[in-house]
Amino acid sequence: MFNKTIFRKQQLKFMLLNLLAFTVIFAIFGFIIFGQVQRTLYSHADEELQLFKERLTDAVNGLEGDEVRPMPGKGNQDLSPIDKKRENPNPRIVVIQWDSTGKILNEGEIGSLFYENYLTDYQLDKTQLDEITMTSIDDLYHFRYLLFEDVNEQDDIAYIQLLINVDAEQTIISNFMRLVTICSVIFIILSISASYILSKKMMKPIMLSWNKQAEFVENASHELRTPLTIIQNKLELLLRAPHERIADKFENIALSLSETRRLSKLTSDLLTLARADSAETELTLQNVEIDKLVREVCAPYQEIAESQDKHFWLNLKCPIAINADETRLYQLFVILLDNALKYTVENDSIGVKTYLEDQRVVIEMSDTGIGIKEENMQYIFERFYREDRARSRETGGVGLGLSIAQWIVEKHRGSIKVMKNQNKGTTFIIKLPK
Ligand code: ADP
């Protein structure tokens with residue numbers, strides 16, 4: 001219940017974060033495109049205004065210098081497009097000539113329809129001098145305009161205002177704005193669904209590892225509690241009989257000691273795995289001669305096996321050295337040899353074979369013991385997995401050995417797998433890179 005609330009809250013957080021990220025990306029994208037469209041559309045009108053202004057200024061200067069200017073539309077076939085535009089001004093441009101008191105001087109030229117309908121109340125606004133500005137007349141018609149001081153001092157004109165109608169551009173921009181708004185709504189709906197799916201996907205591995213961790217802690221506590229309870233009981237028994245001799249309570253003491261050993265092994269295995277999980281443990285790499293190491297690890301096991309009437313054999317054909325962590329490899333072989341001894345009986349045999357295959361060193365550890373059921377083979381590397389719990393308890397196993405073995409092999413970028421040994425028993429095959 002508690003976990004579910006935390007997970008749900010976390011998922012909601014992920015979802016909102018995803019949604020925010022999507023929205024910010026889309027908003028930036030939209031602003032850039034919208035700004036670009038607006039700029040491109042108006043840039044054409046602005047260019048026309050500038051050209052018109054240059055033409056007017058040139059005309060005044062030409063007049064002063066008695067220069068003869070060509071007539072619009074005539075004799076200008078060889079001119080560049082810009083010069084052509086300068087000679088043939090855009091008919092959309094309206095020129096307003098203001099005197100210094102803010103009165104329009106050229107009402108007649110503007111056209112009475114336009115002047116009477118729209119310009120009678122229009123005021124001169126000098127705040128944006130020499131800057132192309134946006135304005136609207138009666139909130140109906142949109143214009144870009146350029147206001148500048150008249151350079152000709154021989155007339156009453158103080159300011160010239162060039163207006164160009166940009167209603168067509170404005171319509172395109174409004175339509176584009178509508179399109180962007182509709183797209184935004186669709187995008188937000190899609191983002192919500194995408195964020196939900198993504199947040200669910202993000203939560204999956206977290207939930208999995210959380211559950212695994214919780215299971216691990218539960219199993220570990222359970223495994224720790226059993227020996228602790230046994231030790232506590234035995235010690236209480238001893239405490240109740242303080243005058244008894246040690247020899248009479250030998251069994252209790254021996255059992256407590258064996259459970260203490262079990263506890264000590266368990267805690268050290270748990271620590272190894274906890275460190276492996278937090279990626280805290282690094283390998284100490286050095287040149288390791290595989291056959292030499294195998295021979296060294298096997299020597300005491302050979303003696304124990306023979307003392308238990310088990311046959312022990314070695315077939316070592318890998319005289320090379322590889323870059324590996326000797327202590328970890330030693331630990332790996334000990335885990336496998338311990339198991340081989342644990343799960344074999346009298347007259348069984350245990351053997352280690354090494355050889356080179358492609359670019360890999362192969363180590364095979366086989367035994368003719370009780371074997372592992374084929375359907376259980378996929379589970380044996382899982383933490384705390386034991387095929388037969390009762391038997392494992394007898395042999396002292398808690399089901400962590402093979403998890404550690406797998407971690408060591410994977411840390412060396414190798415592989416470990418288990419298979420049935422020819423007729424009877426188990427074979428572990430380890431492959432390590434050269
Ligand atoms: P344990 O400490 O119980 O041996 P391991 O992780 O080493 O834990 O092994 C997990 C389980 O795999 C064991 O409980 C046992 O059932 C099975 N197993 C491992 N090695 C062998 C083997 N050589 N022969 C038969 N079963 C084995």
Side-chain angles (χ1 to χ4, degrees), residues 23-57 72-73 80-98 102-150 157-191:
T23 314
V24 168
I25 292 169
F26 187 76
I28 293 172
F29 202 59
F31 275 125
I32 292 173
I33 291 182
F34 188 73
Q36 199 56 35
V37 167
Q38 202 172 25
R39 216 166 302 130
T40 314
L41 281 174
Y42 287 147
S43 69
H44 181 70
D46 294 352
E47 196 184 296
E48 301 277 347
L49 288 176
Q50 283 294 358
L51 283 171
F52 200 103
K53 181 191 167 189
E54 279 171 32
R55 180 182 170 272
L56 283 182
T57 329
S80 70
I82 290 213
D83 285 336
K84 265 189 195 167
K85 274 187 176 173
R86 192 172 283 143
E87 299 308 324
N88 302 296
N90 192 326
R92 280 163 71 199
I93 296 177
V94 177
V95 184
I96 306 176
Q97 295 167 348
W98 301 91
K103 193 172 161 301
I104 295 175
L105 296 172
N106 61 335
E107 313 157 14
E109 282 170 32
I110 291 170
S112 56
L113 195 68
F114 184 65
Y115 178 79
E116 278 156 26
N117 282 321
Y118 305 111
L119 294 182
T120 40
D121 297 328
Y122 192 61
Q123 301 286 323
L124 174 65
D125 174 11
K126 288 183 279 184
T127 46
Q128 308 284 351
L129 210 59
D130 288 321
E131 241 175 72
I132 296 176
T133 315
M134 190 80 195
T135 187
S136 67
I137 293 178
D138 286 357
D139 274 339
L140 265 181
Y141 300 104
H142 303 89
F143 291 89
R144 302 282 285 172
Y145 75 80
L146 177 61
L147 181 75
F148 54 93
E149 280 181 65
D150 181 38
I157 306 168
Y159 299 101
I160 295 179
Q161 185 171 8
L162 305 176
L163 287 152
I164 186 163
N165 186 279
V166 285
D167 282 338
E169 287 86 343
Q170 194 64 30
T171 312
I172 295 174
I173 288 167
S174 321
N175 285 344
F176 186 70
M177 187 69 188
R178 202 169 312 130
L179 186 73
V180 169
T181 315
I182 294 169
C183 283
S184 304
V185 173
I186 296 172
F187 184 83
I188 286 174
I189 295 169
L190 286 178
S191 298

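Numbers here are sequence positions counted from 1. These numbers were taken from a predicted model, which means no experiment stands behind them.
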Contact check, side chains of Gln161 and Phe143, non-hydrogen atoms, under 4.5 Å: no
Thr135 versus Leu163: any side-chain heavy-atom pair under 4.5 Å? yes
What's the shortest heavy-atom distance between Lys53 and Asp130, and which atoms? NZ-OD1, 3.5 Å
Quick one: list whatever passes side chain to side chain contact (heavy atoms under 4.5 Å, CB included) with [X], sequence neighbours left out.
{"X": "Ser184", "value": "Phe26, Val180"}
{"X": "Ile28", "value": "Val24, Ile32"}
{"X": "Tyr159", "value": "Trp98, Leu124, Lys126, Leu129, Leu147, Glu149"}
{"X": "Ile189", "value": "Val185"}

Can you tell me how far the [atom1] atom of [X] sits from the [atom2] atom of [Y], to the nearest 0.5 Å?
{"X": "Ile132", "Y": "Phe148", "atom1": "CD1", "atom2": "CZ", "answer": "10.5 Å"}
{"X": "Thr133", "Y": "Leu146", "atom1": "OG1", "atom2": "CG", "answer": "8.0 Å"}
{"X": "Ile188", "Y": "Thr23", "atom1": "CD1", "atom2": "OG1", "answer": "5.5 Å"}
{"X": "Leu51", "Y": "Leu162", "atom1": "CG", "atom2": "CG", "answer": "11.0 Å"}
{"X": "Leu49", "Y": "Glu54", "atom1": "CG", "atom2": "CD", "answer": "11.5 Å"}
{"X": "Ile96", "Y": "Tyr122", "atom1": "CD1", "atom2": "OH", "answer": "6.0 Å"}

For Asp150 and Gln97, run side-chain contact (heavy atoms from CB on, under 4.5 Å): C-alpha distance rounded to whole Å, both residues' side-chain angles, the deciding distance at 0.1 Å, then the answer. CA-CA 9 Å; Asp150 181 38; Gln97 295 167 348; over 6 Å; no
May I have all residue pairs that pass side chain to side chain donor-acceptor pair (under 3.5 Å) and include part of residues 26-40, sequence neighbours excluded? Gln36-Arg39
Donor-acceptor pairs under 3.5 Å, side chain of residues 164-173 to any protein atom, not counting sequence neighbours: which ones?
unit_1	atom_1	unit_2	atom_2	d
Asn165	OD1	Asp167	N	3.0
Asn165	ND2	Asp167	OD2	3.2
Asp167	OD1	His142	N	2.7
Asp167	OD1	His142	ND1	3.1
Glu169	OE1	Arg92	NH2	3.4
Glu169	OE2	Arg92	NH2	3.4
Gln170	OE1	Tyr42	OH	2.5
Thr171	OG1	Asp167	O	2.7

The criterion is side chain to side chain donor-acceptor pair (under 3.5 Å); which residues satisfy it with [X], sequence neighbours excluded?
{"X": "Thr127", "result": "Asp125"}
{"X": "Asp46", "result": "Arg144"}
{"X": "Gln123", "result": "none"}

Is it true that atom CE of Met134 has more than 12 heavy atoms of other residues, nucleotides or ligands lying nearer than 6.0 Å? yes
Run the ring pair (Phe, Tyr, Trp, His ring centres under 6.0 Å) test against Tyr141 and tell me which residues pass, sequence neighbours left out. Tyr118
